[in-house]
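Report on one structure; see the data block that follows.
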Amino acid sequence: MKKIKDENQILVMLAFFSISMGLWENFRQLWLQDNHFTPTNISNIISIGTLISVIGIMLIGKYIKLDKLKRFVNCSLIIKFLNSIILLSLNNKGNINSINISIILDVVTGYLITTSIYPLITTIIKNNTIYSKRKLTEYLFKDIGILIGGLLIGRNIIGVLVDYNMCLLISIIFLAISVIIMFNISDNKAVQTIPSEKIQIIKYILKRKVQVIYAIYTFIGSMAMMTALGLKILTLTNYFNFTDNGATNYLLIVGLIADAIGILALKFFTPKNDYITITIKFGMRFIAYTIAFLSNNIMITLISITWSILISTAYENITDGYYINEVENKYQLALTNFRYVVRYLGEAAGIFLCGIMYEIGLRYMFGLSAFFMIFQIGLAYYLIYLRKNVEKNIK
């Protein structure tokens, strides 16, 4: 049998890792709630983990060379695996401080591994096709992980009740497979030393107005999204009285439909006027959130959540593609790390605010998110204006 290419072995590893992530992250908030964490506690701990991840990503970009990246991913996978076993043993033991530390480490290692995969692949091959495969692998197999959790949760398998801790155990099994695959990828072929020049990405971005505005837009957009949907599974089970199985299936089905809408929108439904595209993607979400806040109606709020998820992947070519591809190739890797830092900072702030608003009332999560979206939409329109001017000057 023909040997699997190294880049495809990494994608196979990512597939098993993503199944593990999708399965565990879907129930992590409920697992914490079962261990007597309040929604505010949960949002705070995930927010702290995300902030530490930001620091980690910056340190990786500064100190980890590409030829050492595989070793770093191996170590991170091992740490995540061992930490997951510790979490498994802490269930219902009442050791809150230990759970806090382990959950933070779980969040940090998850982010660091995820953000390291594509730079690792670029040491072997770099093109648009492999980038698309990497994104598709992550999204698709995370959904498969969610599906596995939805099918198993609450069922008796050979006399054993599948609860949140059992789902964690199953996710550990998939994580172990990803560790084995990663360790079997040869160092000398999977990672090649690539000479790199010293790149001052902050100075580069500050010289380009469109990149400065795009960074602010990314931060506010991530914060707005997570303020409303940072605690999705808890919101569905506690406010809307979904069962854990029902909430999982809802998120899975809506997520898969969102992926299909994203593909169809890219091929058939993208308006020629970019301002209209932005209005469809964010303007309608803003209107839905505002109505949810003003009406305080549970059904309208559920419709708002559904629409927000459905449109989440559509029109990314307009909202993000140009501003990423506009950067010179030699800055792409540094820019990728910078974008993750900005995005995760926004997510950390959004999750923190989501926890506060959750305790005050459901409507306030969407009201505050709508407030942030006013600035997000304004920046999105301004980015299009800047882009049109650049294109006009080129002509």
Side-chain angles (χ1 to χ4, degrees), residues 8-35 42 46 76-77 80-92 102-103 106-107 109-111 113-114 117 133-182 229 231-237 240 242-260 262 305-306 309-310 312-313:
N8 289 333
Q9 290 185 59
I10 295 174
L11 290 177
V12 173
M13 181 281 293
L14 177 62
F16 282 100
F17 178 75
S18 297
I19 292 173
S20 173
M21 291 282 285
L23 176 59
W24 167 233
E25 287 186 352
N26 185 61
F27 293 117
R28 184 167 59 193
Q29 294 174 11
L30 294 173
W31 185 92
L32 286 167
Q33 185 172 249
D34 262 11
N35 280 274
I42 295 169
I46 294 176
S76 299
L77 282 167
K80 185 171 180 63
F81 174 75
L82 295 175
N83 183 62
S84 297
I85 294 174
I86 292 171
L87 273 173
L88 191 72
S89 67
L90 289 172
N91 185 51
N92 290 326
S102 286
I103 288 292
D106 182 63
V107 172
T109 51
Y111 275 128
I113 294 167
T114 300
I117 295 300
K133 284 183 179 179
R134 178 255 178 272
K135 298 294 286 185
L136 178 61
T137 300
E138 180 185 350
Y139 292 154
L140 175 61
F141 285 91
K142 271 193 174 182
D143 284 340
I144 290 175
I146 294 172
L147 174 62
I148 291 171
L151 291 174
L152 295 180
I153 192 70
R155 297 182 182 276
N156 276 291
I157 309 294
I158 58 173
V160 178
L161 176 66
V162 179
D163 57 9
Y164 306 135
N165 212 47
M166 181 58 66
C167 285
L168 173 57
L169 175 60
I170 298 169
S171 79
I172 290 172
I173 294 171
F174 284 106
L175 181 59
I177 296 172
S178 71
V179 172
I180 294 169
I181 294 171
M182 193 66 201
L229 301 179
L231 298 173
K232 288 195 297 287
I233 195 79
L234 289 179
T235 301
L236 292 171
T237 54
F240 293 94
F242 278 62
T243 63
D244 46 15
N245 182 274
T248 299
N249 291 335
Y250 163 83
L251 291 173
L252 175 65
I253 292 169
V254 176
L256 290 173
I257 295 173
D259 292 338
I305 293 173
T306 305
I309 298 173
L310 285 176
S312 60
T313 60

**Pairs flagged by ring-ring contact (aromatic ring centres under 6.0 Å, His included) wherever residues 147-182 is involved - sequence neighbours left out** = F27-Y164
**Asked** Of all residues at least two apart in sequence or in a different chain, which pass the side-chain contact (heavy atoms from CB on, under 4.5 Å) check with S312?
**Response** M225, A258, R285
**Fill in**
side-chain contact (heavy atoms from CB on, under 4.5 Å) filter on N91, not counting sequence neighbours, yields W31, N35, N165
**Prompt:** Side-chain contact, heavy-atom cut-off 4.5 Å: K232 with I305?
**Reply:** no
**Item:** side-chain contact (heavy atoms from CB on, under 4.5 Å) partners of Q33, counting only residues at least two apart
**Value:** L30, I42, L234, N238
**Request:** Under the side-chain contact (heavy atoms from CB on, under 4.5 Å) rule, collect the residues that match up with I177, sequence neighbours excluded.
**Result:** F16, I181
**Close side-chain approach of I309 and L229, heavy atoms under 4.5 Å** = yes
**Message:** For the CD atom of E25 and the NZ atom of K142, what is their distance to the nearest 0.5 Å?
**Reply:** 5.0 Å
**Message:** Rounded to the nearest 0.5 Å, what separates atom CD1 in I257 from atom OG1 in T306?
**Reply:** 9.5 Å
**Request:** Among N156, L151, I157, find the one that has a side-chain contact (heavy atoms from CB on, under 4.5 Å) with V162.
**Result:** I157
**Request:** Supply the atom-to-atom distance I148 CD1 to T248 OG1, rounded to the nearest 0.5 angstrom.
**Result:** 12.5 Å
**Request:** Look up atom CG in N245 and atom CZ in R155, then write down how far apart they are to the nearest 0.5 Å.
**Result:** 6.5 Å
**Message:** I'd like to check the side chain to side chain donor-acceptor pair (under 3.5 Å) partners of E138; sequence neighbours left out, ordered by chain and number.
**Reply:** R134
